[in-house]
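In what follows, a single structure is set out as structure tokens and then discussed.
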Amino acid sequence: MTASTIERLAGIPGQAPAVGPFSPAVIANGFVFTSGQIPAITGLDDQPATFEGQVRQTIENLAGVLEAAGSSLQHVVKVNTYLTSEEQLEEYNRVYVEYFGDAKPARTTVCVSLWGVSLEIECVAVLAGSEDTAP
């Protein structure tokens, strides 16, 4: 792979800045690889009060990154989710289905300890228009 086939997004307009030395997304060979998105609105101190709201904000942040990269939630092929409690799974799944519906990307969900947030979601998506349309 040559350097010309990789594009690193520096920041996403309208979203909280990254909380570390990383790109919100990297585009490579027709795929978008996102960094983990969290429920931050303007920063770590600005998050929805409820877990449901945090899931929605995190998925909206993910959608914004994908859109900035030229993709969308409908083009997601793999999701990795990090929750901080097993008890969050049912509510997470309920909200997740509202956004991903019948698309049902491959998914891994694990319970971990996170810094100052209740969940984090990352994904891999294809660029809009580059997906295979064969049956």
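Note that the structure is a prediction, hence the values are computed from the model and not measured. Position 1 is the first residue of the sequence, and the numbers go up from there.
Between I41 and Q57, some side-chain heavy-atom pair lies under the 4.5 Å cut-off.
Within the 3.5 Å criterion, the main-chain N or O of Q37 finds no donor-acceptor partner in the side chain of T58. Between the side chain of N61 and the main chain of A40, a donor-acceptor pair closer than 3.5 Å is present.
For the pair Y96 and P105, the tightest heavy-atom approach, listed with the atom from each and the gap, is OH-CG, 3.5 Å. Between C111 and T84 the shortest heavy-atom distance is SG-C, 3.6 Å.
Residue pairs meeting the salt bridge (Lys or Arg N to Asp or Glu O under 4.0 Å) criterion with at least one partner in residues 73-87, sequence neighbours excluded, do not occur; the list is empty. The salt bridge (Lys or Arg N to Asp or Glu O under 4.0 Å) pairs that include a residue from residues 47-58 are E52-R56, E52-R94, R56-E98, where partners are two or more places apart or lie in different chains.
Taking the ring axis of F100 as reference, the NZ or CZ atom of R107 does not stay both within 45° of it and closer than 6.0 Å to the ring centre.
Remark: of the listed residues L9, I27, V26, I27 is the sole one forming a side chain to side chain contact (heavy atoms under 4.5 Å, CB included) with V32.
Residue F51 holds its CZ atom at 4.0 Å from CD of Q88, rounded to the nearest 0.5 Å.
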Show every donor-acceptor pair shorter than 3.5 Å between a side-chain atom in residues 117-128 and any protein atom, with sequence neighbours excluded, or say none if there are none.
{"unit_1": "S118", "atom_1": "OG", "unit_2": "Q54", "atom_2": "OE1", "d": "2.3"}
{"unit_1": "E122", "atom_1": "OE2", "unit_2": "N80", "atom_2": "ND2", "d": "2.9"}
{"unit_1": "E122", "atom_1": "OE2", "unit_2": "Y82", "atom_2": "OH", "d": "3.2"}

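Side chains of Y92 and T81: a donor on one and an acceptor on the other come within 3.5 Å.
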